[in-house]
Undergrad: 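Pasting in a structure now, in C-alpha cells, and then I'll have a few things to ask.
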Amino acid sequence: MSRLDELRRVADLIGIHTRHVDALGVQHEPSEETLAALIAAFGLPSDPKDAADRLAEEEMAAPFGLAPVQIIVQETPDPTLSLRLPPGTGAVDWHCRFEDGTKASGHSDGAALRLPAPLPLGYHRLALGRGEAAAEIELIVAPSSCHLPQALQPGRRSWGLTAQLYGLRSRRDWGIGDFTDLAWLARAAGRLGAATVGINPLHALFAAEPRHFSPYSPSSRVWLDFLYIDVTAVPGFAEDAAAQALAPQAAIAAARAAELVDFAAVAALKRPVLEALFRRFQTLDTQSPLRIAFREFQLAGGGALADFAVFETLHEHFTQEGLPFSWHEWPAAMRDPHSAAVAEFAQALADRVDFFQWLQWEADRQLGAAAEAGQQAGLALGFYRDLAVGVDPHGAEAWADQELIAPGAAIGAPPDPLSRAGQNWGLAPINPLVLRRRRFAPLVAALRANMRHAGVLRIDHVMGLQRLYCIPSGAPATAGAYVSYPFEHLLRLVALESRRNQCAIVGEDLGTVPEGFRDTMRTANALSYRVAVFERRGDASFMPPRDYPPLAAASAATHDLATLKGFWLGRDIEWRHQLGIYPDETAAATEASERRRDRHLLLEALATEGLLPRERFGEFLTDDVPAYTQELGEAIHVFLARSRARLMLVQLEDAAGEIEQANLPGTSDSHPNWRRRLSVRLEQLFAGNMTRLAALAAAARRQAMPHTNSE
C-alpha cells in the first residue's frame, strides 16, 4: 500500500474527505501533502500507521464500547444502547442520575442496554458496571426538532428588520451603534409590526486591538464586544462629572459625524470612561444590588469567563509592550493558560481581570435591557442573533482551549463562481476528534451564549454542522479538503438548546450545500435562509413567491451582497473592477452582462406578480441605464412578502436606500468592510407615518397575513 493510500485510510477514519466536487463541477482529490497536514492538525502522528493505531486504541479503550457521550432522541420508543462485551459475560448494571436529580437503574439484556421511555430532555449521567469494570458517560436526551414559536407556525407569516449594529446612527451615539440604539430600533420596529430585529454577530473581538473588527472573525463566540456598551447608560455615569470629562464633546461629535466607524477612535473614547466607571463601581458596598448581580454573573461565567478576562489582560499587557498581535508570539509560559506564570500574572493584575469581566456583565445587562424593550414593544420573536462559523486562531478561545482548536489549518470554501481561487476565511476549525471527547460541550456553550436575549438564532454557514472545508496553513484555498462532523449529534444538540432557550433556528445554507442537507434541516424545524438573488429557476429567472419553501427566512440580500440599490446600479461590480478582483476582463464583462440580464428578469418577475406594469420597464432601464427608485425597492420587498416563507427580512440598509454593502467578499484593507454606517439617523428613518420604512412596513403587514391555502 502506498503512503497516499495509507493516508487516505486514516483520513476516512477521521472524516477527511478524499474526494469532493466544487461548485464549478470540478472534482478534487486532496494531495498527499494536504492529507498529511490535516491529519497532523487533528493531533495524530505524522506516520499513517501510527495514526491508525492511535485511533484504534482509543476506540478499544472506550468502556463497554461506548463513546463518552451518547445522544438519544426523546421520541425514540425503545431507547437502547449497544454495548461491546466479551462473549459469555453477564449483564451490566446501570444507574442514571437525571438532570433534575431523579434516578433510574436496571440491568442490560446482554449487549443491549434498554432505558425507560420516555426519557426526560436534558444532560444526564449514566454509570455502568460489571464486576470490576465501571464507567460513567454523559447521556443527552434531545428532541427531534427545534423550537418553533407561534409566529413561525404553519399558516403564519412574519417580517423583521436586520441591521449591522455598529452602523446605526443616532443623535446620541459615540461613533458606533450601541445597545441603547438597539433598544430604540427594537421599540420602533415593534411599533411598526415587525416580529424581530436581526443583528450581526455580537461576539467579543480584541479589546487591545480594536482594528480587528470583523464580527465573523471573533476572539470569542461566547462573550460580547464591549464597544457596543452605551457608556452613558452605565450606572453612575450621570452622577460622575469626572468620568464624563474624560470624553471631550468635540471628540464625540467628530466620531458621530464620521462616515465610517473608526473603531480605534471609538475605543479611545469609551475605554477611559469605562475604566473610571469601573473604579466607581468598586467603591460600592459589597452588598449593594449591583455588586451582588456582578458577583452572580462571575459565578455563572465560571472558568470560561475568567479565562477570557485573563486573556484580555494578557493581550493588553503584551500589546502595550510592543509584541506582535498573536498570542503565539508571547513568552512560552504565557502561551499556556494553565501555567503557573499565567496564574501569578492573573493574581497580580486581579483588578484588571475583574475589569474585563465587569465589561462583559455590563454588555450583557444592556443587551438584556434592549431585548426587554423590544418584547414590550411587540417583537413577537425578539432579537435574531447570529453565530459565526468559527473563531480567530489568535484570540481568546484559541488560547484558552488549544487542544480543541486545530492548529495548522483554516476554514474556507472551495472554488465557486464568485471565487474561482477558493476562499480562506482565516478561522480556526474545531478538532472533530476532540469535540467528541469533550462531549460537545464547547458547541453547547456557544449555542447557549448566543441564544441569550434572543428568540431566533441564525447559524452562519450551517453546513459546518455536517462538514467544513479545511485548508492546511500555507496552502492555497484550492488545496483543501472537506472534514466531516457528527451531523446527527450536533443537530440534536442544536434542537435541545433551541427548545430549552425557546429560540428558533435559521440555518444559513448558502453556497455548496450537501445533498439531502436541507431536507434534514427542514425535518428538524430549522428555517432555511433564502436570498432572492440566488432563488432562481433553471433558466435563471427569479423564483416566484409561491415556490419559496414555507420553513424559510427570505431576504432580498445579505451583508455579503450588494444592497438592493447597489445591485440594481451595479455598485458591487464597479468595486470589483476598481479593486482588480476579476481574474480578467472577460470575467468582468460576463458579470456585467449577467447583471443586465438580471435586471430585466427581476422586472419581469415583478410584472408577473402585478407589482409593476411592463409598460413602465423603461423608467428603470432607460437606454439600458438602470435607475433605482423607492417604488422599485418596495415592489421587491412586497414580492418577498408574498412568498410562502414564514419570515421575511428587510435590511435596514435597503429601507434607507443605501448603495454600499457591509462587506465585499474577497477584499480586506482595500475596502471598508464592517465599517459602513447608515447615511441617516434612526430618528430620521423612523420619523412620521409617511417615511420609506413606514410604507414598507405597511406593505409587509398587508402581505404577511396568515395563509388560508395549504403550505
Side-chain angles (χ1 to χ4, degrees), residues 145-163 185-186 189-190 192-200 371 374-375 377-387 450-451 454-460 462 494-495 498-499 501-510 518 521-535 543-559 561 564 636-655 693 696-707 709 711:
S145 60
C146 301
H147 171 66
L148 204 61
Q150 189 63 34
L152 297 176
Q153 290 288 336
R156 298 290 299 274
R157 287 185 293 172
S158 301
W159 72 279
L161 289 172
T162 64
L185 175 61
L192 286 176
T196 188
V197 168
I199 42 182
N200 56 282
Q375 290 174 349
L379 289 184
L381 295 173
F383 286 146
Y384 169 118
R385 292 187 61 183
D386 200 345
L387 176 64
N450 288 276
M451 289 177 178
V456 182
L457 179 64
R458 173 188 183 271
I459 301 179
D460 190 48
V462 72
V494 169
S498 168
R499 290 281 190 94
N501 292 279
Q502 297 291 284
C503 187
I505 298 296
V506 173
E508 191 265 297
D509 49 0
L510 305 177
R518 280 178 163 170
M521 295 295 289
R522 182 174 62 251
T523 301
N525 270 352
L527 277 70
S528 181
Y529 192 65
R530 299 304 176 103
V531 181
V533 294
F534 295 142
E535 293 303 301
M543 192 82 71
R546 65 180 179 275
D547 288 347
Y548 275 65
L551 198 61
S555 67
T558 76
H559 54 262
L561 298 174
L564 277 182
I636 294 170
H637 281 106
V638 171
F639 178 89
L640 277 179
R642 287 185 177 181
S643 80
R644 296 194 304 161
R646 295 180 195 164
L647 179 61
M648 191 270 280
L649 300 170
V650 179
Q651 288 192 133
L652 208 56
E653 293 90 341
D654 289 328
L693 195 54
L696 188 57
R701 285 197 303 270
R702 286 195 300 272
Q703 298 299 326
M705 300 298 290
H707 280 302
N709 59 309
E711 292 190 340

Undergrad: Judged by atom type as modelled, is there a donor-acceptor pair below 3.5 Å linking the side chain of Ser498 to the main-chain atoms of His147?
TA: yes
Undergrad: How close do Ala645 and Ala552 get, counting heavy atoms only, and between which atoms?
TA: CB-O, 3.6 Å
Undergrad: Counting distance only, does the side-chain N/O of Arg644 pair as donor-acceptor with the main-chain N or O of Arg546 below 3.5 Å?
TA: yes
Undergrad: For the atom pair OG1 (Thr523) and CZ (Arg518), what is the distance rounded to the nearest 0.5 Å?
TA: 14.0 Å
Undergrad: Side chain of Gln502, backbone of Gly455: donor and acceptor closer than 3.5 Å?
TA: no
Undergrad: Just how far is it from atom CG of Leu510 to atom CG of Leu561, taken to the nearest 0.5 Å?
TA: 8.0 Å
Undergrad: Find out whether Leu148 and Leu551 are in side-chain contact, i.e. whether some heavy atom of one side chain is under 4.5 Å from a heavy atom of the other.
TA: yes
Undergrad: Compare every heavy atom of Cys503 with every heavy atom of Ala454, then report the nearest pair and how far apart it is.
TA: O-SG, 4.1 Å
Undergrad: Work out which heavy atom in Val533 is nearest to a heavy atom in Ala556; give both atom names and the distance.
TA: CG1-O, 4.0 Å
Undergrad: For a 4.5 angstrom cut-off between non-hydrogen side-chain atoms, does Leu161 reach Leu652?
TA: yes
Undergrad: For residues Met521 and Asp509, determine if any side-chain heavy atom of one lies less than 4.5 Å from a side-chain heavy atom of the other.
TA: no
Undergrad: Is there a donor-acceptor pair closer than 3.5 Å between any side-chain N or O of Arg458 and the backbone N or O of Glu508?
TA: no
Undergrad: Give a yes or no answer on whether the side chain of Arg646 reaches the backbone of Pro549 with a donor-acceptor pair at less than 3.5 Å.
TA: no
Undergrad: For Ala186 versus Phe383, what's the shortest heavy-atom pair and its separation?
TA: CB-CE2, 3.8 Å
Undergrad: So, the side chain of Thr196 versus the backbone of Gly382: is there a donor-acceptor pair under 3.5 Å, distance only?
TA: yes
Undergrad: Taking Leu564's backbone N and O only, do any of them form a donor-acceptor pair with Asp654's side chain (distance below 3.5 Å, no angle check)?
TA: yes
Undergrad: Are the side chains of Leu640 and Trp159 in contact, using a 4.5 Å heavy-atom criterion?
TA: no
Undergrad: Mind listing the closest non-hydrogen atom pair of Ala151 and Ala380 along with its distance?
TA: CB-CB, 4.3 Å
Undergrad: Applying the side-chain contact (heavy atoms from CB on, under 4.5 Å) test to Val494, which of Ile459, Val462, Leu457 qualifies?
TA: Ile459
Undergrad: Hey, does the side chain of Arg530 reach the backbone of Tyr548 with a donor-acceptor pair shorter than 3.5 angstrom?
TA: no
Undergrad: Any side-chain heavy atom of Pro550 within less than 4.5 Å of one from Arg157?
TA: no
Undergrad: Quick one: which of Leu649, Leu647, Leu379 gives a side-chain contact (heavy atoms from CB on, under 4.5 Å) with Ser158?
TA: Leu647
Undergrad: Nearest 0.5 angstrom please: Leu527 CG to Ile505 CD1, how far?
TA: 9.5 Å
